[in-house]
2 protein chains.
Amino acid sequence: MDPLSDTFHALADPTRRAILLSLKHGEKSAGDIAKPFAISAPAISRHLKVMEKAGLIDRRRDGQILYCQLRADRLKEATEWLERYAQFWQSSFGRLDRILSTEHPRTDK
Amino acid sequence: MDPLSDTFHALADPTRRAILLSLKHGEKSAGDIAKPFAISAPAISRHLKVMEKAGLIDRRRDGQILYCQLRADRLKEATEWLERYAQFWQSSFGRLDRILSTEHPRTDK
DNA sequence: TAATTAATTAACCATATAGTTAAATATAGT
DNA sequence: ACTATATTTAACTATATGGTTAATTAATTA
């Protein structure tokens, strides 16, 4: 899969989004990450692998502990992709924007 | 699925993202949307259904033509979710932010 | 060395996904 | 009425997903 699809796919799961939020304030071990969730450790382990593949986290082993840390670059890319649509809500005339663009189509790469 | 998961899931496919981009300048019929793609009409039809379920587009039928139009609200919600992480790249000290947050954990709801 | 802890891998299950072709539906035109 | 066009639904295939439990690997502690 292309990187952006990997990123959005990784974000399309509430457990993974909750994990990501839980990493906002610093790195945590896989075990600590798993604690709040009702699912098994292997399930968490696979969520972490999906997130690592998507570039959402880095993993670092220290002894038996595997520390996970939020990684920003792919989140940034996904955000930037979405912000291409910001014109549709940033003005108070979002609906009007769409109507105007329909009636006066412009091209933009 | 919860709405945010639906939205990210709908975005996690390059065909659907291309469709979304193609709607940036106004509504298009399902047939016109399908033209640039090498896949079958039923495949496009299902992509459009996924996008409608996710709230990324509205559909309106006029005779035999089904017009699809970009819809902003869910895109806005997804963008806002992602922007909760903007602190990790907005300063030129993104990396430092993470290090500091690791060493001085704060809570935020 | 034996036992404990942290995490992953393996094997399995049920469901979902993305595509196909063929058939069905619905509107429009002759 | 007949035909053509636009789109969806049905039936099918192959692969991916998200969960489980049991077994495995690796590091720590007694």
Side-chain angles (χ1 to χ4, degrees), chain A residues 1-23 26-71 74, chain B residues 1-23 26-71 74:
Chain A
M1 253 204 298
D2 62 290
L4 200 50
S5 296
D6 279 339
T7 303
F8 282 129
H9 169 252
L11 291 170
D13 181 283
T15 301
R16 287 193 290 261
R17 288 197 305 278
I19 290 173
L20 209 62
L21 280 174
S22 85
L23 292 175
E27 66 178 14
K28 288 172 75 171
S29 70
D32 284 349
I33 289 170
K35 270 188 196 121
F37 298 98
I39 63 182
S40 65
I44 294 288
S45 173
R46 276 205 318 214
H47 280 306
L48 294 176
K49 204 188 296 179
V50 168
M51 296 172 78
E52 185 180 42
K53 186 186 168 228
L56 296 184
I57 60 171
D58 285 324
R59 296 201 281 181
R60 155 180 89 81
R61 184 168 275 288
D62 179 11
Q64 27 180 190
I65 310 296
L66 189 97
Y67 289 99
C68 300
Q69 187 173 53
L70 189 67
R71 190 177 156 166
R74 295 298 166 77
Chain B
M1 255 205 295
D2 62 290
L4 199 49
S5 296
D6 278 340
T7 303
F8 283 129
H9 169 251
L11 292 170
D13 180 283
T15 300
R16 288 193 289 261
R17 289 197 305 279
I19 289 172
L20 209 62
L21 281 175
S22 84
L23 292 174
E27 68 180 13
K28 288 172 76 171
S29 70
D32 284 349
I33 289 169
K35 272 189 194 118
F37 298 99
I39 63 181
S40 66
I44 294 289
S45 173
R46 275 204 317 212
H47 280 305
L48 294 176
K49 205 189 295 180
V50 168
M51 294 172 78
E52 186 180 42
K53 187 186 169 228
L56 296 184
I57 60 172
D58 285 325
R59 297 202 281 182
R60 152 180 92 81
R61 183 170 276 289
D62 178 14
Q64 22 178 197
I65 309 293
L66 190 98
Y67 290 98
C68 300
Q69 187 171 54
L70 188 67
R71 190 176 157 166
R74 295 298 165 77

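Which of D:dT9, C:dG19, D:dT20 sits closest to the side chain of A:Ala43 comes down to D:dT20. For A:Pro42, taking side-chain heavy atoms from C-beta onward, the closest of the listed nucleotides D:dA22, C:dT21, D:dG18 is D:dA22.
The nearest heavy atom of DNA chain D to B:Ser29 and to A:Val50 marks one nucleotide each, and the one closer to the 5' end goes with B:Ser29. With the nearest nucleotide of DNA chain C identified for both B:Gly63 and A:Leu48, A:Leu48 has the one nearer the 5' end. Along DNA chain D, the nucleotide nearest to A:Asp62 and the one nearest to A:Arg16 differ in position, and the one closer to the 5' end is contacted by A:Arg16.
In this structure, CE of A:Met51 is placed 16 Å from C1' of D:dT17, rounded to the nearest angstrom. Atoms CD1 (A:Ile19) and P (D:dG18) sit 11 Å apart, rounded to a whole Å. For the pair B:Ile39 CD1 and C:dT17 C1', the computed distance is 13 Å after rounding to whole Å. Rounded to whole Å, atom C1' of D:dA26 lies 12 Å from atom CD1 of A:Ile65. We find that CZ of A:Phe37 is positioned 18 Å from C1' of D:dT20, with the value rounded to whole Å. Regarding B:Ile44, its CD1 atom lies at a distance of 20 Å from the P atom of D:dT5, rounded to whole Å. In this structure, B:Met1 places its CE atom 16 Å from C1' of D:dG19, rounding to the nearest Å. In this entry the distance linking CZ of A:Phe8 with C1' of D:dT17 reads 20 Å, nearest Å.
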Inset, instruction - Might you work through the side-chain contact (heavy atoms from CB on, under 4.5 Å) test for B:Cys68 and B:Glu52, ending with a clear yes or no? - result: CA-CA 9 Å; B:Cys68 300; B:Glu52 186 180 42; over 6 Å; no
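Side-chain contact between A:Leu56 and A:Arg16: absent, with no pair of heavy atoms (C-beta onward) separated by less than 4.5 Å.
Within the 4.0 Å cut-off from OP1 or OP2 of D:dG19, not a single side-chain nitrogen or oxygen of A:Ser40 is found. OP1 and OP2 of D:dT7 both lie 4.0 Å or more from every side-chain N or O belonging to B:Ser45. Close to D:dT7, at under 4.0 Å from its OP1 or OP2, lies no side-chain N or O of B:Lys49. A close approach under 4.0 Å does not occur between any side-chain nitrogen or oxygen of B:Arg61 and OP1 or OP2 of C:dT27. The side chain of B:His9 places an N or O atom within less than 4.0 Å of a non-bridging phosphate oxygen (OP1 or OP2) of C:dT17.
Side chain of B:Asp2 to main chain of B:Ser5: a donor-acceptor pair is present (N/O by atom type, distance under 3.5 Å, no hydrogens or angles).
Minimum heavy-atom separation, B:Ala54 to B:Asp6: CB-O, 3.5 Å. In plain terms, the two heavy atoms of A:Ile44 and A:Phe37 that are nearest each other are CD1-CD1, 3.9 Å. Summarising the geometry of A:Arg59 relative to A:Ile57, their closest heavy-atom pair is CG-CD1, 4.1 Å, with the distance given to 0.1 Å.
Nucleic acid contact for B:Arg46: base, since at least one base atom lies under 4.0 Å from a heavy atom of the residue.
The base of D:dT7 lies outside donor-acceptor range of the side chain of B:Gln64, with no N or O pair under 3.5 Å.
The base-pairing partner of C:dA28, taking Watson-Crick or G-U wobble contacts with both distances under 3.5 Å, is D:dT3.
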